[in-house]
2 protein chains.
Amino acid sequence: MKLAIYGYGNLGRGVEAAMQSNPDMELVGIFTRRDPATVVSKTGAKVFAADTISQFKDEIDAVILCGGSATDLPELTPMLAKDFCVIDSFDTHANIPQHFDAVDAAAKAGGKLALISCGWDPGMFSLNRLYASAILPDGKDYTFWGRGVSQGHSDAIRRIPGVLDARQYTVPVEEALEAVRSGAQPELTARQKHLRECYVVAEPGADKRAIEQAIVTMPNYFADYDTTVTFITAEQMQAEHSALPHGGFVIRTGKTGRNGEHRQRIEYSLSLDSNPEFTANVLVAFSRALGRMASRGQTGCITVFDVAPADLSPLSHEQLRKSML
Amino acid sequence: MKLAIYGYGNLGRGVEAAMQSNPDMELVGIFTRRDPATVVSKTGAKVFAADTISQFKDEIDAVILCGGSATDLPELTPMLAKDFCVIDSFDTHANIPQHFDAVDAAAKAGGKLALISCGWDPGMFSLNRLYASAILPDGKDYTFWGRGVSQGHSDAIRRIPGVLDARQYTVPVEEALEAVRSGAQPELTARQKHLRECYVVAEPGADKRAIEQAIVTMPNYFADYDTTVTFITAEQMQAEHSALPHGGFVIRTGKTGRNGEHRQRIEYSLSLDSNPEFTANVLVAFSRALGRMASRGQTGCITVFDVAPADLSPLSHEQLRKSML
């Protein structure tokens, strides 16, 4: 299967690395909106200007879009879906229906297949919410994120005057996890579910008290959470906080039996040293399915919910039944 | 959707209870090989003799087979697959390819769809092995079972002379779980992964030392494990060991990044008060998919690997994208 990477940030580099472990995949090239002459692939892949991709229509089976959800993907995915099978990790949950409709219309117009919102949340966490709710209809599920770096929250801190750099960790509250696991099905506020730990490098002479107040009172981002702010040096930031770990939990508890007398718990969790590389690996596995489903003539937009798991694996149905069932 | 239950033991009763939480399902009846007059349904379902089921061909969308894997299902599933869409929880892993072929031939001959080996292992654990291996190809997965009652091991103890009753719990070794979670990808023997706890009611005057020796040296079942044997009274057995809890873990760790520098972990776990009722709930959810796939004209034998997750849910695709993605 011949793949292209469109966008070459952390996610694009993760996809490039993931392809090394998927020998049935071939990387046609990396398409970048920067000057291709300034971009060097560490695996020796070819680098092309983004706006030349239409010349590669016959050479690419699927394009993995590695742009951001805020402004890139809402424009790029529908644009490319007319000419290519595309897959993205669009993760603005509230706007998924709207993004789906735009991509679906474009893909159908071009007779192509597109898969959106494919990563871990949305993505693998979504799948686990679906499976668990179908199996335990008389139940309730909870999603916890972390411990991990939230890019959006880190960016929000960096916009505060006097802040040079910042890293925000989202941390699930252990007591909340235990309450959920017990099957008690508690109602939990945002504050009860997650803590927010902030590490901040301030400008020399900045008013640290004012920065801390600006953080902990920031609406939507921090005001509804117990937030800690720790000031560190630029050297500490580089040494201790340059990785992008993440993870989380999807837990559903439910009751079964004639009188709901038995408690059942399903838990799915991820512990990731690198959030973008894991998302990249999910994208590559689902690209395989995208290619197979497209070759069976399917068009329009789909999500992870529409993919039969067997299509993700390089193994045959017979091998899967024998080795994994 | 109109379902029938074929076989009315723990699993059949679990399916009957599960249908209460799935209002889009209707129970046509329970088919039993016992005298139907002696079987009373607690939900007031109709009970019929098993051999009359062929009279119900036009009234049943799918038959949920609730027999045992040792002797019932290898015969029943192919037999009924000619005339009905069927689903079973056949769980003898080594014989799945053979069972698949027999059911596939029968279902294709009758133009029906069949889904085999659908429960939690095989079933949800299989799905998690597949998803995780597709996402982290450079990795290794481990399945642990328990803490829970193994019926097969309990039965094996009951066959020892002098034993009146027995219950065997399979227990994952905490140190092994931690070693796996660390990402070290250890090679583990059977003994290192699981303990076996046995509770035994002996006949009055029986040689307990001989019973214990017979258990701990039993090939395949116990000889390769650290096994504890505790003698209890029939009253204790009834009071403390009459439930059928189970559960377990599927954990895959893998490496990503250009030089495999990042460790990633995916973990799926179940904690079940009632093993048969959970299996029943999985069967009912997959019955929904079976009915939908059959109505789209699909025939032959499939497994959980072939089912797109959206088909498991009573919600529409739009609702799923909006509420769960």
Side-chain angles (χ1 to χ4, degrees), chain A residues 13-14 17-18 20-22 42-43 93 96-97 100 117 122 124 126-131 133-138 181 256-258 262-274 277-278 280-282 285 288 303-310 312-314 317-318 320-322 324-325, chain B residues 13-14 17-18 20-22 42-43 93 96-97 100 117 122 124 126-131 133-138 181 256-258 262-274 277-278 280-282 285 288 303-310 312-314 317-318 320-322 324-325:
Chain A
R13 285 191 293 273
Q20 300 178 129
S21 304
N22 289 277
K42 287 187 180 162
T43 64
H93 288 261
I96 286 174
F100 181 92
S117 299
M124 294 312 298
S126 321
L127 280 170
N128 277 281
R129 288 187 284 262
L130 194 168
Y131 276 116
S133 66
I135 293 170
L136 295 176
D138 184 8
R181 288 188 182 120
T256 64
R258 273 276 292 147
H262 292 127
R263 288 186 173 183
Q264 317 274 22
R265 184 175 80 230
I266 304 171
E267 178 165 341
Y268 182 80
S269 66
L270 296 173
S271 173
L272 310 176
D273 275 1
S274 167
E277 287 177 6
F278 188 81
N281 275 41
V282 176
R288 183 178 290 117
T303 72
V304 293
F305 296 157
D306 303 302
V307 175
L312 300 172
S313 175
H317 282 66
E318 291 70 21
L320 287 175
R321 286 194 298 268
K322 200 171 173 182
M324 291 196 197
L325 197 59
Chain B
R13 284 191 296 272
Q20 299 177 130
S21 304
N22 289 276
K42 286 186 179 162
T43 65
H93 289 261
I96 285 174
F100 182 91
S117 301
M124 295 312 298
S126 321
L127 280 170
N128 278 280
R129 288 186 285 260
L130 195 167
Y131 277 116
S133 66
I135 293 170
L136 295 176
D138 183 7
R181 287 188 182 120
T256 63
R258 272 276 291 148
H262 291 128
R263 288 187 173 182
Q264 317 275 22
R265 185 176 79 229
I266 304 171
E267 177 165 341
Y268 181 80
S269 66
L270 297 173
S271 173
L272 311 175
D273 274 2
S274 166
E277 287 176 7
F278 188 81
N281 275 41
V282 176
R288 182 179 291 116
T303 73
V304 294
F305 296 157
D306 303 300
V307 176
L312 300 172
S313 175
H317 282 65
E318 290 72 19
L320 287 176
R321 286 195 296 269
K322 199 171 173 182
M324 291 195 197
L325 196 60

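Residue numbers begin at 1 in each chain, while the letters A, B, ... track the order of the sequences.
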B:S269 versus chain A, the contacting section by heavy-atom distance below 4.5 Å: both

Sub-4.5 Å side-chain heavy-atom contact between B:P137 and A:N22: yes

Count the heavy-atom pairs under 4.5 Å between each of B:M124, B:E267, B:E318, B:H93 and chain A, then report the option with the highest count. B:E267

A:V307 versus chain B, the contacting section by heavy-atom distance below 4.5 Å: backbone

Taking all non-hydrogen atoms of both residues into account, name the closest pair between B:D306 and A:A310 and its distance. OD1-CB, 4.1 Å

Nearest atoms (heavy-atom pairs only) where B:L320 meets A:F305: O-CE1, 3.5 Å

Quick check on the interface: out of B:P309, B:P314, B:A308, who has the most heavy-atom pairs with chain A under 4.5 Å? B:P309

What is the distance from atom CD1 of B:I96 to atom CE of A:M324, rounded to the nearest 0.5 Å? 13.0 Å

Going from CZ on B:F278 to CD1 on A:I266, what distance comes out if it is rounded to the nearest 0.5 angstrom? 4.0 Å

On a heavy-atom basis, which atom in A:S274 and which in B:H262 lie closest, and how many Å separate them? CB-ND1, 3.5 Å

Residue from A:S271, A:P97, A:A134 scoring the most non-hydrogen pairs under 4.5 Å with chain B is A:S271

Cut-off 4.5 Å, heavy atoms of chain A, and the answer for B:L127 is side chain

Rounded to the nearest 0.5 Å, how far apart are CD of A:E277 and CZ of B:R258? 11.0 Å

Between A:R288, A:H317, A:K322, which shows the greatest number of heavy-atom pairs under 4.5 Å with chain B? A:H317

Smallest heavy-atom separation, B:P122 atom then A:L325 atom, equals CB-O, 3.1 Å

Starting at OG1 of A:T303, measure out to CZ of B:R321 and round the result to the nearest 0.5 Å. 6.5 Å

Checking A:T256 against chain B: side chain, backbone, both or neither under 4.5 Å from a heavy atom? both

Taking all heavy atoms of B:D138 and all of A:S21, pick out the closest pair and write down the distance. CB-OG, 3.9 Å

Do B:L312 and A:S133 touch side chain to side chain, with heavy atoms closer than 4.5 Å? no

Which bit of A:F100 comes within less than 4.5 Å of chain B, counting heavy atoms only: side chain, backbone, both or neither? side chain

Closest contact, heavy atoms only, A:A17 versus B:G257: CB-C, 3.7 Å

With a 3.5 Å distance limit and no angle check, can you tell me whether A:N281 reaches the backbone of B:L136 through a side-chain donor-acceptor pair? no

First locate atom CZ of B:R265, then atom CG of A:L272, and finally report the distance between them rounded to the nearest 0.5 Å. 9.5 Å

Select one option (side chain, backbone, both, neither) describing which atoms of A:Q20 are under 4.5 Å from chain B's heavy atoms. side chain

Approximate separation, where rounding is to 0.5 Å, of A:Y131 OH and B:Y131 OH: 3.0 Å

